[in-house]
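First the structure, in the form of structure tokens, and then the observations on it.
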Amino acid sequence: VASHRAAVGLGSNLGDRRSHIDAALSAIARLGRLVAVSSIYETAPVGGPEQGPYLNAVAVIDTDLAPIALLTCLRHVEQQQGRERRERWGPRTLDLDVLLYGHETVAMQGLTVPHPRMGERRFVLEPLVEAWPDAELPDGTAVGSLLDAVSDQDVVRHEPPPTFP
Ligand code: A4P
Ligand code: MG
């Protein structure tokens, strides 16, 4: 099986946000070879009901898992961090999204890659560009050019990620 470079978006705005993110990063590191992790960004919530600020980050891995297998593993990690699905875009202990999977386009029931809303979201693009500066969409669009075009959404502050052995 050929390995693919995938970007995973992490978000948390319930409970001990930092420990959910750190636990998720260690689990994601076991799904392949960890290439890079962004800083941890504190961001204002976008969409959904009134809710508290998020911590967001992006992890980049080289993985042998097929896209749907990767998503299944990420769902399992969400559950381990106490994720309950109540309402769409509502507050959550941990949300893990497959942002990019190589240059592949995936259009399956329950899995769309690139993530359909990533192109307008600073809370995704800023950590993605930090962790994977030359990332591209399947059509060759540089992710950095999307970040330049995004209208302002607050990224409040950021702190370094944990270090991995
Ligand atoms: N799904 C389809 N494609 C994907 C993909 N590439 N990665 C399906 C992950 N999941 C994918 O997701 C809903 C459905 O999307 C799943 O059934 C999955 O099969 P979910 O995690 O159950 O629910 P959700 O996260 O509430 O919905 P959604 O549509 O994924 O929300 P988003 O777009 O992820 O937005 N503001 C800030 N500042 N930071 C955030 O992280 N996140 C959201 C959630 C809203 N506002 C935010 C943030
Ligand atoms: Mg989600």
Side-chain angles (χ1 to χ4, degrees), residues 4-25 27-28 31-32 37-61 63 65-132 135-139 141 143 146-147 150-159 161:
H4 289 83
R5 183 153 296 184
V8 176
L10 300 87
S12 172
N13 79 336
L14 263 190
D16 185 346
R17 301 174 301 166
R18 181 66 202 236
S19 81
H20 297 311
I21 297 286
D22 287 353
L25 288 171
I28 290 165
L31 302 179
V37 180
S38 72
S39 305
I40 316 289
Y41 293 72
E42 181 157 74
T43 67
V46 174
E50 196 167 313
Q51 55 185 311
Y54 278 77
L55 293 185
N56 284 114
V58 168
V60 180
I61 55 171
T63 183
L65 295 171
I68 194 74
L70 176 60
L71 182 67
T72 301
C73 291
L74 296 176
R75 288 282 170 270
H76 187 71
V77 176
E78 286 182 349
Q79 281 158 21
Q80 284 176 327
Q81 296 304 310
R83 171 80 184 261
E84 288 175 28
R85 285 192 164 68
R86 290 204 198 83
E87 59 179 316
R88 190 164 183 227
W89 296 353
R92 69 283 306 278
T93 53
L94 182 64
D95 185 31
L96 299 175
D97 290 327
V98 181
L99 303 173
L100 296 175
Y101 186 86
H103 277 92
E104 289 191 23
T105 297
V106 181
M108 298 171 64
Q109 178 125 21
L111 181 61
T112 305
V113 182
H115 190 278
R117 289 166 293 282
M118 64 176 269
E120 306 94 60
R121 292 175 159 185
R122 181 176 294 279
F123 69 77
V124 173
L125 294 173
E126 204 160 305
L128 176 58
V129 168
E130 181 194 353
W132 187 357
E136 293 180 346
L137 300 182
D139 70 4
T141 304
V143 169
L146 299 176
L147 177 58
V150 88
S151 54
D152 257 4
Q153 297 157 21
D154 294 342
V155 167
V156 182
R157 66 186 172 85
H158 58 89
E159 47 191 74

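Note that these values count all heavy atoms, side chains included, but never hydrogens, waters or copies made by symmetry. Both ligands and their constituent atoms are indexed starting at 1 by order of listing.
When the shell of 6.0 Å around NE2 of H76 is examined, it contains 12 or fewer heavy atoms from other residues, nucleotides or ligands.
For atom 9 (C) of ligand 1, the nearest non-hydrogen atom of the protein is D97 OD1, 3.4 Å. Nearest non-hydrogen protein atom to atom 43 (C) of ligand 1 is Y54 OH, 4.1 Å. For atom 22 (O) of ligand 1, the nearest non-hydrogen atom of the protein is R85 NE, 2.3 Å. Among protein heavy atoms, atom 23 (O) of ligand 1 sits closest to R83 NH2, 3.5 Å. Looking only at heavy atoms of the protein, atom 48 (C) of ligand 1 is closest to F123 CZ, 3.4 Å. In this structure, the protein non-hydrogen atom closest to atom 36 (N) of ligand 1 is V46 N, 3.1 Å.
Scanning Q109, R117, E78 for the heavy atom closest to atom 28 (P) of ligand 1 points to R117. When S12, G52, G9, G110 are ranked by how near their heavy atoms come to atom 8 (C) of ligand 1, first place goes to G110. Ranked by closest heavy atom to atom 15 (O) of ligand 1, the top entry among R121, R92, R75, H115 is R75.
Shown are V8, V98, D97; of these, the side-chain contact (heavy atoms from CB on, under 4.5 Å) with H115 is made only by D97. Considering L25, L94, L10 as possible partners of V77, the one that fulfils the side-chain contact (heavy atoms from CB on, under 4.5 Å) test is L94.
In this structure, the separation between CD1 on I28 and CG on L74 is 6.0 Å, given to the nearest 0.5 Å.
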| said: Please evaluate residues H20 and L14 with respect to the criterion side-chain contact (heavy atoms from CB on, under 4.5 Å), reporting the C-alpha separation (whole Å), side-chain torsions for both, the decisive distance (0.1 Å), and the verdict. | reply: CA-CA 9 Å; H20 297 311; L14 263 190; 5.9 Å; no
L128/M118 under side-chain contact (heavy atoms from CB on, under 4.5 Å): CA gap, chis, key distance, verdict: CA-CA 10 Å; L128 176 58; M118 64 176 269; 3.6 Å; yes
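Each of the atoms 37 (C), 38 (N), 39 (N), 40 (C), 41 (O) of ligand 1 lies under 4.0 Å from some heavy atom of N56. Heavy-atom contacts of T43 reach the following atoms of ligand 1: 37 (C), 38 (N), 39 (N) (cutoff under 4.0 Å).
Remark: the backbone N or O of Y41 is not paired with any side-chain donor or acceptor of N56 at under 3.5 angstrom.
Only the side chain of L71 comes within 4.0 Å of ligand 1, judged by heavy-atom distances.
Closer than 4.0 Å to atom 2 (C) of ligand 1 lies at least one heavy atom of the protein.
Smallest separation of non-hydrogen atoms from W132 and A6: CZ3-C, 4.3 Å. Taking each heavy atom of L147 and R122 in turn, the nearest pair found is CD1-NH1, 3.8 Å. Here the closest heavy-atom approach between residue A66 and residue Y101 is recorded as CA-OH, 3.7 Å.
Residue contacts with ligand 1 leave out G48, since none of its heavy atoms falls under 4.0 Å from the ligand. Heavy atoms of A44 approach ligand 1 to within less than 4.0 angstrom.
Considering backbone and side-chain N/O atoms, V98 comes within less than 3.5 Å of an N/O atom of ligand 1.
Looking only at N/O/S atoms, D97 comes nearest to the Mg ion (ligand 2) through OD1. As for D95, its N/O/S atom nearest the Mg ion (ligand 2) is the one called OD1.
A salt bridge links E159 with R18: the closest approach of a Lys/Arg side-chain nitrogen to an acidic carboxylate oxygen falls below 4.0 angstrom.
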